[in-house]
Structures are given as C-alpha cells and as structure tokens.
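To start, the structure itself, in structure tokens.
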Amino acid sequence: QVSLVESGGGLVQAGGSLRLSCAASGRTVSSYVMGWFRQAQGKEREFVAAITRSGDLTGYGDSVKGRFSVSRDNPENTVYLQMTSLKPEDTAVYYCAVDQTRYRSSYYYSQRRDSYTYWGQGTQVTVSS
C-alpha cells in the first residue's frame with residue numbers, strides 16, 4: 001500500500017511559477033515510474049509528466065512541454081513538478097501517481113491512466129489571467 005500526498009498548489013497569475021511536491025509513504029517508490037496528471041473541471045484526467053525510477057528519462061504532455069519539469073528525490077521518497085510560464089488553461093487539480101508495473105526496460109514510462117495503481121488526493125492549481 002502506497003499513500004501519496006500532493007502539496008504546493010495555489011493561486012498564481014499567468015506567467016508565474018509553482019512547484020508541486022508529492023510525498024510517498026507506506027513503501028518506497030524509488031523502483032517505480034512516477035507520473036503527474038491533471039483534471040480540469042468538466043474534462044478528463046490527462047497526462048502531464050512522468051519520470052522513470054532512476055530519473056534518467058522524463059516525458060511530458062504536449063501542452064506542457066518546455067514549461068514543466070518533473071524530478072524526483074528517491075532518498076526522500078518524493079517527486080516534484082516544477083511549473084513555469086503558467087497559463088489559465090493549466091488550471092486543474094493535479095495528481096501524482098505511481099506505476100508499479102515491472103517494465104523490462106528502465107527507460108520506459110506510460111502515459112495511460114490505467115497503468116498507475118496508486119493516486120494522491122490532488123492539489124488545486126488556479127492560474128488567473
């Protein structure tokens with residue numbers, strides 16, 4: 001059982017930055033891919049970013065490429081999402097999740113929601129224009 005708690009959300013003006021944190025407890029997540037997703041009101045949950053277990057490979061959704069950066073601190077069992085140049089359309093609840101699939105390659109991550117087994121409760125990010 002893994003518990004994930006996101007923090008760092010809030011209200012920010014367009015063009016601003018926020019750093020989200022996701023702290024895991026219950027067991028170490030250092031062996032797993034970690035992902036960030038978001039869900040805007042009335043929309044489906046969408047992939048934002050993922051990072052492989054060693055942090056050697058990261059991936060991003062098209063709408064956030066070049067603006068968001070995902071990282072992890074395995075000894076601290078924590079994953080981060082640095083968000084810059086925020087836009088009103090980035091407004092959503094942001095969730096972190098862990099993918100416990102044992103992939104053959106350590107250089108792989110999934111963008112599929114159903115690949116991820118445990119999810120946090122989410123943190124609200126609101127970007128004003």
Side-chain angles (χ1 to χ4, degrees):
Q1 184 79 14
V2 177
S3 293
L4 302 172
V5 178
E6 302 94 339
S7 61
L11 174 64
V12 63
Q13 288 189 331
S17 300
L18 281 175
R19 188 193 195 204
L20 305 184
S21 299
C22 172
S25 62
R27 65 180 298 177
T28 180
V29 294
S30 61
S31 299
Y32 305 119
V33 170
M34 296 295 294
W36 284 95
F37 290 75
R38 68 185 183 186
Q39 188 166 16
Q41 195 168 7
K43 296 187 177 181
E44 289 191 355
R45 193 169 299 189
E46 67 171 349
F47 172 78
V48 174
I51 185 167
T52 54
R53 58 192 184 197
S54 64
D56 288 350
L57 179 66
T58 57
Y60 301 92
D62 289 341
S63 60
V64 306
K65 281 180 182 176
R67 300 187 297 121
F68 289 13
S69 177
V70 60
S71 61
R72 66 192 301 163
D73 184 338
N74 283 340
E76 293 295 322
N77 228 19
T78 301
V79 180
Y80 302 98
L81 184 67
Q82 179 68 48
M83 307 185 295
T84 63
S85 301
L86 283 161
K87 305 174 181 180
E89 50 265 43
D90 293 319
T91 295
V93 178
Y94 284 72
Y95 300 89
C96 71
V98 57
D99 180 355
Q100 295 181 300
T101 307
R102 295 287 188 178
Y103 297 109
R104 288 185 179 180
S105 171
S106 61
Y107 290 94
Y108 178 80
Y109 62 86
S110 172
Q111 297 188 25
R112 294 173 55 93
R113 286 173 294 173
D114 58 7
S115 295
Y116 292 80
T117 48
Y118 292 102
W119 294 77
Q121 293 297 308
T123 185
Q124 176 71 47
V125 172
T126 303
V127 184
S128 63
S129 57

Practice prompt. Using the side chain to side chain donor-acceptor pair (under 3.5 Å) rule, collect all pairs that involve residues 85-99, keeping only residues at least two apart or in two chains.
Written response: Arg38-Asp90, Arg38-Tyr94, Arg67-Asp90, Asp99-Thr101, Asp99-Tyr103

Item to complete: Quick one: list whatever passes side-chain hydrogen bond (donor to acceptor under 3.5 Å, both in side chains) with Tyr108, sequence neighbours left out.
Response: none

Practice prompt. Identify, with sequence neighbours excluded, every residue that meets side-chain hydrogen bond (donor to acceptor under 3.5 Å, both in side chains) alongside Arg72.
Written response: Asn74

Worksheet, complete the sentence: Rounded to the nearest 0.5 angstrom, the CE-CG distance for Met34 and Leu81 is 11.5 Å

Determine all donor-acceptor pairs shorter than 3.5 Å in which one atom belongs to a side chain in residues 17-25; sequence neighbours excluded.
none

Worksheet item: Taking all non-hydrogen atoms of both residues, which atom of Ser110 and which atom of Ala50 are closest, and how far apart?
Response: O-CB, 4.5 Å

Worksheet entry | Over all atoms of both residues, closest heavy-atom pair of Ala92 and Ala40 | CB-N, 3.7 Å

Fill in: Hydrophobic cluster partners of Tyr80 (side-chain heavy atoms under 4.5 Å)
none

Discussion item. Under the disulfide (SG to SG under 2.5 Å) definition, can you give me all pairs with a residue in residues 37-94, not counting sequence neighbours?
Written reply: none

Worksheet item: Among the clusters formed by ILVMFWY side chains lying less than 4.5 Å apart, do Val48 and Tyr118 turn up in the same one?
Response: yes

Response to the item:
Applying side-chain hydrogen bond (donor to acceptor under 3.5 Å, both in side chains) to Ser69 and not counting sequence neighbours gives none

Practice prompt. Write down the atom of Ser106, the atom of Arg53, and the distance for their closest heavy-atom approach.
Written response: CB-NH2, 3.6 Å

Response to the item:
Note: with side-chain heavy atoms under 4.5 Å as the link, the other cluster members for Leu11 come out as none

Worksheet item: Can you check whether Ser128 reaches Thr126 side chain to side chain, under 4.5 Å on heavy atoms?
Response: no

Worksheet item: Are any non-hydrogen side-chain atoms of Val79 and Cys96 less than 4.5 angstrom apart?
Response: no

Worksheet item: With the 4.5 Å side-chain cut-off for hydrophobic clustering, are Val64 and Tyr109 part of the same group?
Response: no

Discussion item. Is there a continuous path of hydrophobic side-chain contacts, each under 4.5 Å between heavy atoms, that joins Met83 to Val12?
Written reply: yes

Worksheet item: Pairs in or reaching into residues 39-66: which pass ring-ring contact (aromatic ring centres under 6.0 Å, His included), with residues at least two apart or in two chains?
Response: Phe37-Phe47

Worksheet item: Between Val2 and Gln100, is any pair of side-chain heavy atoms under 4.5 Å apart?
Response: yes

Discussion item. Filter on disulfide (SG to SG under 2.5 Å), then keep only pairs touching residues 44-83, sequence neighbours left out; what's left?
Written reply: none

Item to complete: For Ser3 and Gly26, indicate whether the former's side chain and the latter's backbone hold a donor-acceptor pair under 3.5 Å.
Response: no

Worksheet item: Excluding sequence neighbours, so at least two apart, what forms side-chain hydrogen bond (donor to acceptor under 3.5 Å, both in side chains) with Arg27?
Response: Tyr32

Worksheet item: Can you find a pair of side-chain heavy atoms, one from Thr52 and one from Tyr107, that are under 4.5 Å apart?
Response: no

Worksheet item: Roughly how far, to the nearest 0.5 Å, is the CD atom of Gln39 from the CD atom of Gln41?
Response: 10.0 Å

Worksheet item: Would a hydrophobic clustering, with Ile, Leu, Val, Met, Phe, Trp and Tyr connected at side-chain separations under 4.5 Å, put Phe68 with Val33?
Response: no

Worksheet item: Can you tell me how far the CD atom of Glu6 sits from the CD atom of Gln124, to the nearest 0.5 Å?
Response: 12.0 Å

Item to complete: State whether the side chain of Thr117 and the backbone N or O of Val98 hold a donor-acceptor pair below 3.5 Å, judged by distance alone.
Response: yes

Response to the item:
The reported gap from OH in Tyr116 to CH2 in Trp36 (rounded to nearest 0.5 angstrom) is 12.5 Å

Worksheet, complete the sentence: Note: with side-chain heavy atoms under 4.5 Å as the link, the other cluster members for Val5 come out as none

Worksheet item: Between Ser30 (side chain) and Thr28 (backbone), is there a donor-acceptor pair under 3.5 Å?
Response: no

